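In this text, all values refer to a predicted model and were calculated from it rather than measured experimentally. Along the sequence shown, residues are numbered consecutively beginning with 1.
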Amino acid sequence: MHIPFLSFKEVNQKIKPQIIAAFENFFDEGWYVLGERLIKFEKDYAEFNHTSHCVGVSNGLDALHLALKVLSIGPGDEVIVPSNTFIATALAVSYVGATPVFVEPKKGTYNIDPNLLEASITSKTKAIMPVHLYGQACEMQEIMTIANKRNIWVVEDNAQAQGATYTGKLTGSFGTINGTSFYPGKNLGAFGDAGAITTNDAYLANKVKILRNYGSEKKYQNDEIGYNMRLDECQAAFLSIKLQYLHEWTTERQKIAGWYNLMLRDVGDLILPEVAVGATHVYHLYIIRTKRRDALQQYLREYNIGSLIHYPIPPHLQNAYVHLGHKLGSFPVAEEIANTCLSLPLWPGMSFAETEQVANVIKNYFHG
Ligand SMILES: *Cc1c(COP(=O)(O)O)cnc(C)c1O
């Protein structure tokens, strides 16, 4: 049985009639950018995320970039990001001319360690960007306390964790302004690129609206050097439809993760996902760790099972960031995670038989 890393088949089949109808409607109407579908999706997503505002933009990276920009973070400033994040978090910091300062995650949850934050805060630190990595909420209460005490912003990178909570509060609703991504593979994915910021601050939301549209509030009047970072009408229409199913799909992800947790317990040297007290996990990715990662991935490949590594090279070791002067060993926790992590197949609609097959092949690898 071939098991891909990710399949959209089940989800797409389910929503196909609604998507086709929405497309036809969009096509016939002939309004493609900044229209009523975007306004509706922004309202829908703000409601979902328990924030007063959502502003749709072109993708997750642009959302994070604009979030930092409207907080007036720029050259000479420092922004704290986790050392094991996807590169986009650090790129957003670089785009505004600030410097990403890496802080190590906890080895169990893979999320930024609040206990290490204070030591990394300097007089230049303007913001902390917690990343709810793999779908688990960061320890936000602890992070907010430190940020408030030190008078620095929090900008959540919620690209992987739509619907996750910490102490009952949704990720993407803690920070002053937050970014999320609707890249197709994310838990709420468009049929192409899309993203959004979420905030309770009307002024910041409006600033993002201006910047995403050439720095213009009034047509052909430009008050700022803005961008073209808009979210298309058809993607907005599709996202409003998919958002209706997000809770259901999250529950499915959690169910499949639960199967893996049971079936892979005490197998070889496997380390399974650990969820922090107070946090929920929406399993954007199901990560296992093992010293024999590369060989296990090869073995899975031989049995026609897809798997991926998120992420093989931490940001501080990327060529793009050599100028920061970090080296191998600078962030040992991030490096160890990069060398041992493996993401297993998981998507809403994945069957018990498929999950069991993946687990059995892994058991065979370790125990023969
Ligand atoms: C996907 C992702 C982004 C970027 O989103 P795009 O829509 O691909 O630009 C940023 N941060 C994290 C953690 C992501 O997973």
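Considering all non-hydrogen atoms of both residues, A196 and A63 come closest at O-CB, 3.3 Å. Across every non-hydrogen atom of F5 and S343, the tightest pair is CE1-O, 3.3 Å. The shortest heavy-atom contact between R289 and K107 is NH2-O, 3.8 Å. For the residue pair I309 and A338, the shortest heavy atom distance occurs at CG2-O, 4.1 Å. Closest of all the heavy-atom pairs between A92 and L61 is N-CD1, 3.8 Å. The nearest pair of heavy atoms linking Q162 to T250 is O-OG1, 4.5 Å.
The closest donor-acceptor contact from the side chain of Q254 to the backbone of H281 lies under 3.5 Å. The backbone N or O of N158 sits less than 3.5 Å from a side-chain atom of T180, completing a donor-acceptor pair. Side-chain N or O atoms of E142 include none that pairs as donor or acceptor with a backbone N or O of P114 at under 3.5 Å. Not a single donor-acceptor pair under 3.5 Å links the side chain of Q160 to the backbone N or O of L133.
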Discussion item. Let's go through R253 and V282 carefully: what are the C-alpha distance in whole Å and the side-chain angles of both, what is the deciding distance for side-chain contact (heavy atoms from CB on, under 4.5 Å) to 0.1 Å, and is it a yes or a no?
Written reply: CA-CA 7 Å; R253 286 176 182 276; V282 296; 5.5 Å; no

Practice prompt. Carefully, step by step, assess K106 and E139 under the rule salt bridge (Lys or Arg N to Asp or Glu O under 4.0 Å).
Written response: CA-CA 11 Å; K106 284 189 173 175; E139 292 167 85; 2.9 Å; yes

Practice prompt. Would you sort out whether F182 and F238 count as a ring-ring contact (aromatic ring centres under 6.0 Å, His included), showing the intermediate values?
Written response: CA-CA 11 Å; F182 308 119; F238 299 154; over 10 Å; no

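With values rounded to the nearest 0.5 angstrom, N111 atom CG is found 8.0 Å from H132 atom NE2. The distance from the CD atom of E354 to the CH2 atom of W347 is 4.5 Å, given to the nearest 0.5 Å. How far NZ of K255 is from OH of Y283: 14.5 Å, rounded to the nearest 0.5 Å. How far CG of L246 is from NZ of K242: 9.5 Å, rounded to the nearest 0.5 Å. With values rounded to the nearest 0.5 angstrom, N59 atom CG is found 9.5 Å from L231 atom CG. Interatomic distance, CD1 of I128 versus CD1 of I121, reported as 5.0 Å (0.5 Å rounding).
Taking the six-membered ring where the residue is Trp, the centroids of F48 and H247 are separated by under 6.0 Å. The distance between the ring centers of H310 and Y134 does not fall below 6.0 angstrom.
A donor atom on one side chain and an acceptor atom on the other are not found under 3.5 Å apart for Q318 and Y311. Side-chain contact check for N339 and R293: no donor-acceptor pair (N or O, by modelled atom type) lies under 3.5 Å. For the residue pair D269 and T290, a side-chain donor N or O sits within less than 3.5 Å of a side-chain acceptor on the partner. With hydrogens and angles left out, the side-chain atoms of Q136 and T109 include no donor and acceptor closer than 3.5 Å.
Applying side-chain contact (heavy atoms from CB on, under 4.5 Å) to V57 and the options V208, D193, L64 leaves one that passes, V208.
I19 places a side-chain heavy atom less than 4.5 Å from the side chain of F191. Contact of the N206 side chain with the I210 side chain is registered, since non-hydrogen atoms from C-beta on lie closer than 4.5 Å. Counting only heavy atoms from C-beta outward, the side chains of F86 and D157 never approach each other to under 4.5 Å. Considering only heavy atoms from C-beta on, I362 comes within 4.5 Å of I288 through its side chain. Y303 places none of its side-chain heavy atoms less than 4.5 Å from the side chain of Y365.
I225 and L71 end up in different hydrophobic clusters when Ile, Leu, Val, Met, Phe, Trp and Tyr side chains are linked at under 4.5 Å.
Look at K169 and E156 and you find no salt bridge, because none of the NZ, NE, NH1 or NH2 atoms lies under 4.0 Å from a carboxylate O. No salt bridge links E224 with K69; every basic N to acidic carboxylate O contact stays at or beyond 4.0 Å.
Ring planes of H323 and Y321: tilted class, angle from 30 to 60°. Aromatic ring pairs are classed by plane angle as parallel below 30°, tilted from 30° to 60° and perpendicular above 60°; the pair F23 and F26 is tilted.
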